[in-house]
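In what follows, a structure is listed as structure tokens, so that the remarks can point back to it.
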2 protein chains.
Amino acid sequence: MKEDYAIEQFRKKGYKITPQRQEILRVFIGNIDSHPLSAEEVYRKVVERYPNIGIDTIYRNLSVFLELGIINKLNFREGKSRYELNSGKHHHHLVCLKCGLTEQIDYCPFKELDLEKIQEEKNFEIKKHSFELFGYCKLCREKQAEKSLSEALSG
Amino acid sequence: MKEDYAIEQFRKKGYKITPQRQEILRVFIGNIDSHPLSAEEVYRKVVERYPNIGIDTIYRNLSVFLELGIINKLNFREGKSRYELNSGKHHHHLVCLKCGLTEQIDYCPFKELDLEKIQEEKNFEIKKHSFELFGYCKLCREKQAEKSLSEALSG
DNA sequence: CTACTTGCAAATAATTTGCATGCGA
DNA sequence: TCGCATGCAAATTATTTGCAAGTAG
């Protein structure tokens with residue numbers, strides 16, 4: 001189970017298992033496959049069960065979780081970072097430019113052969129990559145279509 | 001020429017051609033193919049020739065340039081954005097995790113066929129994508145190798 | 001002229017840090 | 001007990017905004 005794995009990571013690196021960390025972990029575990037969370041969102045969820053926590057504790061622990069590979073840090077160009085539980089499975093995201101909805105996709109376009117070729121050609125050691133698809137989700141497109149229609153009728 | 005194109009874009013949208021805008025444009029044109037610039041870096045370069053400018057003017061005009069397609073906005077997960085002249089040619093970047101060096105690469109892994117497949121499967125209209133390769137550049141790897149060596153000898 | 005722009009200063013937003021106290025192992 | 005953690009407050013960094021004065025077209 002995900003929680004046991006995380007606890008083990010804490011122990012291994014000498015990090016203490018505090019109730020704050022457990023609550024933060026719980027928030028991520030309860031959030032599998034849904035929208036990656038911003039620090040603020042994590043904070044609001046944790047505060048429900050642990051009212052005295054400060055947002056600085058969230059930030060500090062997101063770093064720790066990140067270091068331990070428990071979560072991933074994502075950047076959707078919003079001026080803030082988002083975090084998701086590390087499923088251990090390589091994946092990327094669809095991001096709606098209108099409503100911010102994100103969806104994981106298993107698809108990855110980057111092939112081992114290309115990686116090697118670029119490493120050699122550019123003399124650059126590739127450690128990781130990001131690939132995000134931006135566009136409009138079904139719902140936002142439908143809303144937009146409705147809006148256009150009503151404007152056409154009234155205009 | 002790049003400058004004429006930009007000026008034309010300004011006129012077309014009713015934006016005025018102020019000396020500040022010309023200086024900012026000049027900085028980008030003089031920076032082709034080198035490191036994408038942060039707002040602060042643009043500011044420091046412009047200030048050399050136009051000392052009274054404020055960094056808020058830089059930000060406001062980066063938005064305008066962006067809207068006109070004169071520059072691209074990039075995000076390398078540094079907690080700030082970077083900007084580069086829009087060459088009109090689709091490309092991605094190598095980013096060194098150590099020194100921050102970036103290099104453009106023409107290679108793009110994302111194929112039209114895959115795009116269509118995902119759009120259909122996910123019912124998502126894809127407008128753009130980001131693909132960045134993170135790792136270590138030649139220089140940083142060499143430095144690291146030297147450091148490891150000297151530590152081994154002294155240790 | 002006059003609407004778009006700028007510079008200044010102050011406001012926001014996200015994230016980080018110093019420090020005294022608290023608490024898990 | 002002892003060192004890692006936390007909460008509080010204040011600092012930092014990136015970016016945005018209000019407003020009066022300036023200027024391109």
Side-chain angles (χ1 to χ4, degrees), chain A residues 3 6-27 36-68 70-71 73-83 100, chain B residues 3 6-27 36-68 70-71 73-83 100:
Chain A
E3 185 162 355
I7 302 276
E8 193 195 322
Q9 292 307 107
F10 286 143
R11 293 238 163 80
K12 214 181 270 183
K13 296 284 186 92
Y15 287 113
K16 291 177 179 168
I17 299 156
T18 65
Q20 292 89 335
R21 282 182 180 153
Q22 292 180 68
E23 287 300 338
I24 295 171
L25 185 57
R26 193 163 290 145
V27 164
L37 302 166
S38 66
E40 166 102 39
E41 284 166 351
V42 174
Y43 172 69
R44 278 197 230 146
K45 296 207 180 209
V46 174
V47 141
E48 288 171 18
R49 295 178 56 131
Y50 201 98
N52 270 34
I53 201 168
I55 195 162
D56 45 348
T57 298
I58 305 290
Y59 276 107
R60 274 188 283 230
N61 283 315
L62 288 175
S63 299
V64 171
F65 284 31
L66 212 51
E67 180 202 337
L68 299 181
I70 297 167
I71 57 175
K73 186 176 189 173
L74 310 167
N75 221 297
F76 298 141
R77 310 174 174 197
E78 307 164 281
K80 66 185 162 194
S81 297
R82 292 189 170 276
Y83 305 83
Chain B
E3 185 160 355
I7 302 275
E8 192 195 323
Q9 292 307 108
F10 285 142
R11 293 237 163 80
K12 214 179 270 183
K13 294 286 187 89
Y15 286 113
K16 292 178 177 169
I17 298 157
T18 64
Q20 291 91 333
R21 283 180 180 153
Q22 292 180 68
E23 287 300 339
I24 295 171
L25 185 57
R26 193 162 291 144
V27 164
L37 303 166
S38 66
E40 167 103 38
E41 285 166 351
V42 174
Y43 172 68
R44 279 197 228 144
K45 295 206 181 210
V46 173
V47 141
E48 289 172 16
R49 294 178 56 133
Y50 201 97
N52 270 36
I53 200 169
I55 194 161
D56 46 346
T57 299
I58 304 290
Y59 275 108
R60 273 187 283 230
N61 283 316
L62 289 174
S63 298
V64 171
F65 284 32
L66 211 52
E67 180 203 337
L68 299 180
I70 297 168
I71 58 175
K73 185 176 188 173
L74 310 168
N75 220 297
F76 298 142
R77 312 173 172 198
E78 307 164 282
K80 65 185 162 193
S81 297
R82 293 190 169 275
Y83 305 83

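Below, each value reflects all heavy atoms present in this structure, side chains not excepted, and no hydrogens, waters or symmetry copies. Every chain is numbered from 1, with letters handed out A, B, ... down the list of sequences. Source: prediction; values computed, not measured.
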*Whole Å only: how far is the NZ atom of Lys80(A) from the P atom of dT12(C)?*
17 Å

*Send over the distance from Ile17(B) CD1 to dT6(C) P, rounded to a whole Å.*
12 Å

*Val64(A) vs Ala39(B), nearer the 5' end of DNA chain D by closest nucleotide*: Val64(A)

*Test Tyr15(B) against every option in Glu67(B), Arg21(B), Gln9(B) by the side-chain hydrogen bond (donor to acceptor under 3.5 Å, both in side chains) rule and name the one that passes.*
Glu67(B)

*Could you tell me the separation between the CD atom of Glu78(B) and the P atom of dT12(D), rounded to a whole number of Å?*
21 Å

*NA contact type, Tyr50(B), heavy-atom cut-off 4.0 Å: base, sugar-phosphate, or nothing?*
sugar-phosphate

*Pick base, sugar-phosphate or nothing for Ser81(B), based on heavy-atom distances below 4.0 Å to the nucleic acid.*
sugar-phosphate

*Assess whether atom CZ of Arg11(A) is packed by more than 12 heavy atoms of other residues, nucleotides or ligands within 6.0 Å.*
no

_Atom pair OH (Tyr83(A)) and CG (Leu66(A)), whose distance is rounded to the nearest 0.5 Å_ = 7.0 Å

_dT6(C), OP1 or OP2 - any side-chain N/O from Thr18(B) closer than 4.0 Å?_
yes

*Quick one: pull up CD1 in Ile71(B) and CD1 in Ile24(B) and give me the separation to the nearest 0.5 Å.*
9.0 Å

*asked:* Check for me whether the distance between the ring centres of Phe65(B) and Phe10(B) falls short of 6.0 Å.
replied: yes

*Decide yes or no for Arg26(A) and Lys45(A): does some side-chain heavy atom of the first lie under 4.5 Å from some side-chain heavy atom of the second?*
no

*Can you figure out which of dA14(C), dA5(D), dA25(C) approaches the side chain of Glu40(A) most closely?*
dA14(C)

*Tell me: CG of Asn61(A) to P of dG24(C), nearest whole Å?*
14 Å

*Donor/acceptor link under 3.5 angstrom from Arg11(B) side chain onto base of dG25(D)*: no

*How many Å lie between CD1 on Ile24(B) and P on dT6(C), as a whole number?*
7 Å

*asked:* Please report the distance, rounded to the nearest Å, between CD1 in Ile7(B) and P in dG25(D).
replied: 9 Å

*Looking at every strand, decide which applies to Asp56(B) at a 4.0 Å heavy-atom threshold: base, sugar-phosphate, or nothing.*
base

*Kindly say if Tyr59(B) contacts the phosphate of dT16(D), meaning a side-chain N or O under 4.0 Å from OP1 or OP2.*
no

_Residue Arg60(B), side-chain heavy atoms: nucleotide from dA14(D), dG7(D), dG18(D) that is nearest_ = dG18(D)

*asked:* Quiz question: going by heavy-atom distance under 3.5 Å, is there a donor-acceptor pair between the base of dA3(C) and the side chain of Lys16(B)?
replied: yes

_Mind checking if Ile55(B) touches a base, just sugar-phosphate, or nothing, with heavy atoms under 4.0 Å?_
nothing

_Can you see if the side chain of Gln20(A) gets near the phosphate of dC23(C) - specifically, an N or O under 4.0 Å from OP1 or OP2?_
no

*Round to a whole Å and report the spacing from CD1 of Ile58(B) to C1' of dT5(C).*
13 Å

*Please confirm whether any donor atom in the side chain of Arg21(A) sits under 3.5 Å from an acceptor in the base of dG24(C), or the reverse.*
no

*Give the rounded distance in Å between these two atoms: OH of Tyr15(B) and P of dT5(C).*
7 Å

*Given dG7(C), is OP1 or OP2 found less than 4.0 Å from the side-chain N or O atoms of Thr57(B)?*
yes

